[in-house]
Amino acid sequence: MNETLDILRHSTSHLMAQAVKDLFPGVKVAIGPSIETGFYYDFDYDPGFTEEDLTKIEQRMKEIAQADIPIERKMMKRDEAIEFFTRMDEPYKVDLLKEISDPEVSTYTQGSFTDLCRGPHLPSTGKIKAFKLLSLAGAYWRGSEHNKMLTRIYGTAFADKKSLNDYITFLEEVKKRDHRRLGKELDLFSISDETGAGLVIYHPNGAILRYLLEDFERKEHLKRGYQFVYGPHILKLDMWKKSGHFENYRENMYFTKIDEVEYGIKPMNCLSHIMVYKSQIRSYRDLPLRYFELGTVSRHEKSGVLHGLMRVREFTQDDAHIFLRPEQLHQEILSIIRFVQDVMTIFGFQFEMEISTRPAKSIGSDEDWEQAEAALKEVLDSEQLPYDLNEGDGAFYGPKIDIKLKDAIGRKWQCATIQCDFALPERFDLHYMDSDGKRKRPVMLHRVILGAIERFLGVLIEHYGGKFPVWLAPTQVMIMNITDEQEPYVRAIYDRMVNEGIRTALDIRNEKLGLKIRESVLKKIPYMVIVGKNEMENNSLTVRVRDGVELKDITVDDFINKVKEDNTLRR
RNA sequence: GCCGACGUAGCUCAGAGGUAGAGCAGCUCACUCGUAAUGAGCAGGUCGCGCGUUCAAUUCGCGCCGUCGGCUCCA
């Protein structure tokens, strides 16, 4: 975001705070920064605000903006500021000031409202022309769930009305692409409170999409030297104790008891893969060993975080665990990144990378963590791949490279992740026989490419806006007749196409062509084959392509080849 | 989990302290109609679940479940 917009939004958040203080005496202000999509301000106000209040606040904001009140910066000694905000009865500002070590702080005053703020700000409220308050939400003071929950008001502001309207249009577009809405419209999946929150039920259209993604993945993994394995869904509790999951991940796990023995339902797939590794003595010549599983895991996510397919309680990861010698780390991490690049290119995603380091709750020695973090950084640095650092956000057993996808409308989603682990090989006493005849400890990489199939599918739905490329479209071709006369002919074409493995549907209802086309368009089916008297006489097809182009007089063979080509070229 | 809003027919949504409507979808009938909705008729709901207030509650109150917008957390 550019700096001008940043200042404008920050000033708009102050404008909102002033309006709120005007309208609701006794309100205490917390913080109000500009953000990527606009701004917010957190307030402590006991009765809370209602949606109608937003309109009132917006109205008051307009008045203050019109009054064109100057915004004045003033330096204060820190102690002086503490005294000032104590007098103003603004405990949150005092709280902030107590953590500032600078002897002097800046404040900004507009009319009756003074805020502790680094700035900079616009010279006066009259410069604020285009803004809108968007939503109301709860937010913890200083982002900690142990603190008081404040009320946050979100809004946005732009330099002019047009940009604001463009943004509002964009928000509507986002709504239209929402995978939960499209999931219903395209009959892809459902999540029912009768079966349970966060548990996905795939309908035929969603199931075929999942099948296609999984089929794609299996092929791509085989090409790259991965071996398929399968593990059980429940493993004895002792295993989870040994791995550290019980200690570090218990609150996310489900447990069950069978014949007085306790089991944990797997939240991750690594333990079975470790058992495969352990099943034989391994030679340095065997490494790297790459075990792949479309592994379904269950995690107890807090109720408030569930969100369509993006955040669920049971999901399937395209998970692999790679066992290797330490000196193979660089090469292997690099090939995984290349793998991610290859796959994301096919789907048309750009991505960004992030390295996450040791979290508070973790296992393993300091040296191992340092070594693992260094290995990850070294690969990205030497390949000159840019990345951000996310301190303290690693998995409990090792640091990770997270890959965030940017979808068609610029939103970011975390899907792929590569985690470097020295701890579990230690805990499970894994080893291999090295060339010098000594037993050595392998390193383990945990990695996913798509991440969770559910989330990736959700991202894909929104990325394509439901218009899946031909190779992924649940129904690739809809064949429709015009009158009953063509029914046998159209059925024969349908049978041939299905036989050729093309996902075809047939609409021979006694309905007008306009209706059939409309319904097919709404289902976002890539190809519509229209057969009337003319086509039947010429032994040809008229094909209406989703984007509106029409293929006239194409033979059935040519059309079948065209769809097949779309499949092989994945387009 | 926390804050707030919401939960009425398969879907989208109206509505009111006296046990409910619309459009689309569905079913039936007629129409055989060439590029985004043919017409008519019919059927469809213990108004999320439980408890309470009331002569009476789906409408008011409380609790639970779920959804949505966020926060915290995450693939």
Side-chain angles (χ1 to χ4, degrees), chain A residues 40 42 44 47-53 134-154 175 178 180-181 184-185 187 190-198 249 251-252 267-269 295 297 299-319 356 359 393 395 400 402-405 413-417 419 446-456 458-459 480-487 508-523 528 530-535 542-544 548 550:
Chain A
Y40 67 79
D42 287 347
D44 185 355
F49 302 109
T50 63
E51 301 283 336
E52 294 88 75
D53 291 338
L134 297 171
S135 61
L136 220 46
Y140 297 109
W141 168 236
R142 317 213 83 179
S144 165
E145 60 183 323
H146 304 295
N147 290 341
K148 183 167 184 184
M149 172 79 56
L150 308 174
T151 306
R152 175 172 296 180
I153 301 178
Y154 282 93
K175 252 191 196 161
D178 190 314
R180 292 164 301 186
R181 176 193 182 127
K184 212 177 268 177
E185 285 175 10
D187 197 15
S190 60
I191 297 170
S192 159
D193 58 327
E194 284 178 86
T195 31
Y249 207 73
E251 59 278 17
N252 283 297
M268 298 186 196
N269 302 302
V297 296
R299 297 184 185 176
H300 180 209
E301 300 292 345
K302 290 181 181 174
S303 62
V305 308
L306 302 175
H307 179 92
L309 293 179
M310 303 302 196
R311 199 70 186 275
V312 295
R313 285 188 171 148
E314 195 175 275
F315 55 98
T316 298
Q317 297 178 301
D318 58 337
D319 206 1
S356 297
D393 209 29
K400 56 183 184 168
D402 282 332
I403 291 158
K404 296 205 151 83
L405 302 185
W413 302 97
Q414 207 221 294
C415 292
T417 170
Q419 306 171 347
H446 308 236
R447 52 101 285 187
V448 290
I449 304 293
L450 304 186
I453 301 285
E454 284 73 7
R455 177 178 291 180
F456 192 77
V459 174
M480 44 190 87
N481 60 339
I482 291 173
T483 69
D484 290 349
E485 209 185 316
Q486 298 93 39
E487 192 185 319
I508 48 167
R509 291 173 304 164
N510 180 15
E511 293 289 352
K512 288 195 161 176
L513 184 62
L515 182 85
K516 295 187 183 184
I517 288 174
R518 178 185 154 77
E519 290 186 358
S520 189
V521 169
L522 291 176
K523 286 183 193 154
M528 279 174 253
I530 297 161
V531 176
K533 209 172 173 185
N534 301 337
E535 287 79 5
T542 295
V543 180
R544 182 171 154 145
E550 214 167 82

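Everything numeric here is computed off the predicted structure, so don't read it as measured data. Lettering follows sequence order; numbering is per chain, from 1. These values consider heavy atoms only, across backbone and side chains, with no hydrogens, waters or symmetry-generated copies.
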Which part of the nucleic acid, if any, lies within contact of A:Asp402, taking any heavy atom under 4.0 Å across all strands shown: a base, the sugar-phosphate backbone alone, or nothing? nothing
Reference residue A:Val312; test side-chain contact (heavy atoms from CB on, under 4.5 Å); the match among A:Arg299, A:His307, A:Glu454: A:Glu454
Please work out if A:Arg299 contacts a base, only the sugar-phosphate, or nothing of the nucleic acid, heavy-atom cut-off 4.0 Å. base
List every contact pair, protein side and nucleotides 39-44 of chain B side both N or O, where the distance is under 3.5 Å.
none

Do you know which two heavy atoms are closest between A:Glu251 and A:His300, and how far apart they sit? O-ND1, 3.8 Å
Are the side chain of A:Ser192 and the backbone of A:Glu194 linked by a donor-acceptor contact shorter than 3.5 Å? yes
Are any protein N/O atoms closer than 3.5 Å to N/O atoms in nucleotides 8-15 of chain B? If there are, list each pair with its distance.
from	atom 1	to	atom 2	distance (Å)
B:U12	OP1	A:Lys184	NZ	3.2

Donor-acceptor pair, A:Asp318 side chain versus A:Ile449 backbone, under 3.5 Å? yes
If you look at every heavy atom in A:Cys415 and A:Leu405, which pair is closest and at what distance? SG-CD1, 3.8 Å
To the nearest 0.5 Å, what is the distance between CD1 on A:Ile508 and CD on A:Gln486? 11.5 Å
Pairing string of RNA chain B (Watson-Crick or G-U wobble, both atom distances under 3.5 Å; | = paired to other strand) is (((((((..((((....[..)))).(((((.......))))).....(((((..]....))))))))))))....
Looking at residues at least two apart in the chain, or sitting in another chain, which of them share a side chain to side chain donor-acceptor pair (under 3.5 Å) with A:Glu485? none
Please report the distance separating the P of B:A9 from the corresponding atom of B:G1, rounded so that it comes out in whole Å. 26 Å
For A:Glu454, report the nucleic acid contact type (base, sugar-phosphate, nothing); a contact means any heavy atom under 4.0 Å. nothing
A:Arg311: what forms a salt bridge (Lys or Arg N to Asp or Glu O under 4.0 Å) with it, not counting sequence neighbours? A:Glu301
Shortest non-hydrogen pair, A:Ser520 vs A:Met480, comes out as CB-CE, 3.9 Å
Heavy atoms only, 4.0 Å cut-off, all strands: where does A:Glu535 land among base, sugar-phosphate and nothing? base
Under 4.0 Å, heavy atoms only, any strand: does A:Lys400 hit a base, just the sugar-phosphate, or nothing? sugar-phosphate
Separation of the C1' atoms in B:A57 and B:U67, to the nearest angstrom: 24 Å
With the side chain defined as heavy atoms from C-beta on, A:Gln317 is closest, among B:G34, B:U32, B:A75, to B:A75
Residues that A:Tyr140 engages under side chain to side chain donor-acceptor pair (under 3.5 Å), provided they are two or more places apart: none
Could one point to a donor on the side chain of A:Glu550 or the base of B:U35 with an acceptor on the other under 3.5 Å away? yes
Which whole number of Å gives the distance between the C1' atom of B:U8 and that of B:U59? 11 Å
Side chains of A:Asp402 and A:Gln414: is there a donor and an acceptor less than 3.5 Å apart? yes
Side-chain touch A:Val521/A:Arg544, heavy atoms, less than 4.5 angstrom: yes
B:C3 and B:C55: how far apart are their P atoms, nearest whole angstrom? 35 Å
Are A:Ile482 and A:Lys533 close enough, and set up right, to give a side chain to side chain contact (heavy atoms under 4.5 Å, CB included), and what steps lead you there? CA-CA 8 Å; A:Ile482 291 173; A:Lys533 209 172 173 185; over 6 Å; no
Strictly under 3.5 Å: I want the nitrogen or oxygen pairs between protein and nucleotides 25-31 of chain B, one per line.
from	atom 1	to	atom 2	distance (Å)
B:C31	N4	A:Asn510	ND2	2.8

When you measure from the side chain of A:Arg544, which nucleotide among B:G66, B:A75, B:U35 comes out closest? B:U35
With A:Phe315, which residues qualify under ring pair (Phe, Tyr, Trp, His ring centres under 6.0 Å), at least two apart? none
Are there any protein N/O atoms within less than 3.5 Å of an N/O atom in nucleotides 59-64 of chain B, and if so, which ones and at what distance?
none

Which protein N or O atoms sit under 3.5 Å from an N or O of nucleotides 70-72 of chain B?
from	atom 1	to	atom 2	distance (Å)
B:G70	O3'	A:Tyr154	OH	3.0
B:G70	O2'	A:Tyr154	OH	3.4
B:G70	N2	A:Gly138	O	3.4
B:G70	N3	A:Gly138	O	3.4
B:C71	O4'	A:Gly138	O	3.2
B:C71	O2'	A:Tyr140	N	3.2
B:U72	O2'	A:Glu145	OE2	3.4

Remember a base hit wins even if backbone is also touched, and classify A:Val297 as base, sugar-phosphate or nothing at under 4.0 Å, heavy atoms. nothing
5′-ward residue of the pair A:Glu51/A:Ile517 relative to RNA chain B: A:Glu51
Does A:Glu251 get its side chain close enough to the base of B:G1, under 3.5 Å, for a donor-acceptor pair? no
A:Glu301 near the nucleic acid: base, sugar-phosphate alone, or nothing, with a heavy-atom cut-off under 4.0 Å? base
Pairwise P distance, B:A56 and B:C27 [rounded to whole Å]: 43 Å
Could you check whether A:Asn147 gets within reach of a base, just the sugar-phosphate, or nothing at all, counting any heavy atom under 4.0 Å? nothing
Determine the Euclidean distance between corresponding C1' atoms of B:C6 and B:G48; express it in Å to zero decimal places. 12 Å
All heavy atoms of A:Asn147 vs all of A:Trp141, minimum pair found to be ND2-O, 2.8 Å
Please state the C1' separation for the pair B:C11 and B:U28 - nearest whole angstrom. 22 Å
By side chain to side chain donor-acceptor pair (under 3.5 Å), A:Arg518 pairs with (sequence neighbours left out) none
To the closest 0.5 Å, what do you measure between CG (A:Leu450) and CD1 (A:Ile403)? 11.5 Å
Measuring to OP1 and OP2 of B:G1, would you say a side-chain N or O of A:Ser303 lies under 4.0 angstrom away? yes
Would you name the heavy atoms of A:Asn481 and A:Arg509 that are closest together and state the gap between them? OD1-O, 4.4 Å
Distance between P atoms of B:A5 and B:G63 (Å, rounded): 13 Å
Using a 4.0 Å heavy-atom cut-off, does A:Thr542 contact any base of the nucleic acid, only the sugar-phosphate backbone, or nothing at all? base
Non-neighbouring partners of A:Asp178 that pass side chain to side chain donor-acceptor pair (under 3.5 Å), sequence neighbours left out: A:Arg180
Look at all strands and tell whether A:Val521 reaches a base, only sugar-phosphate, or nothing, counting heavy atoms closer than 4.0 Å. base
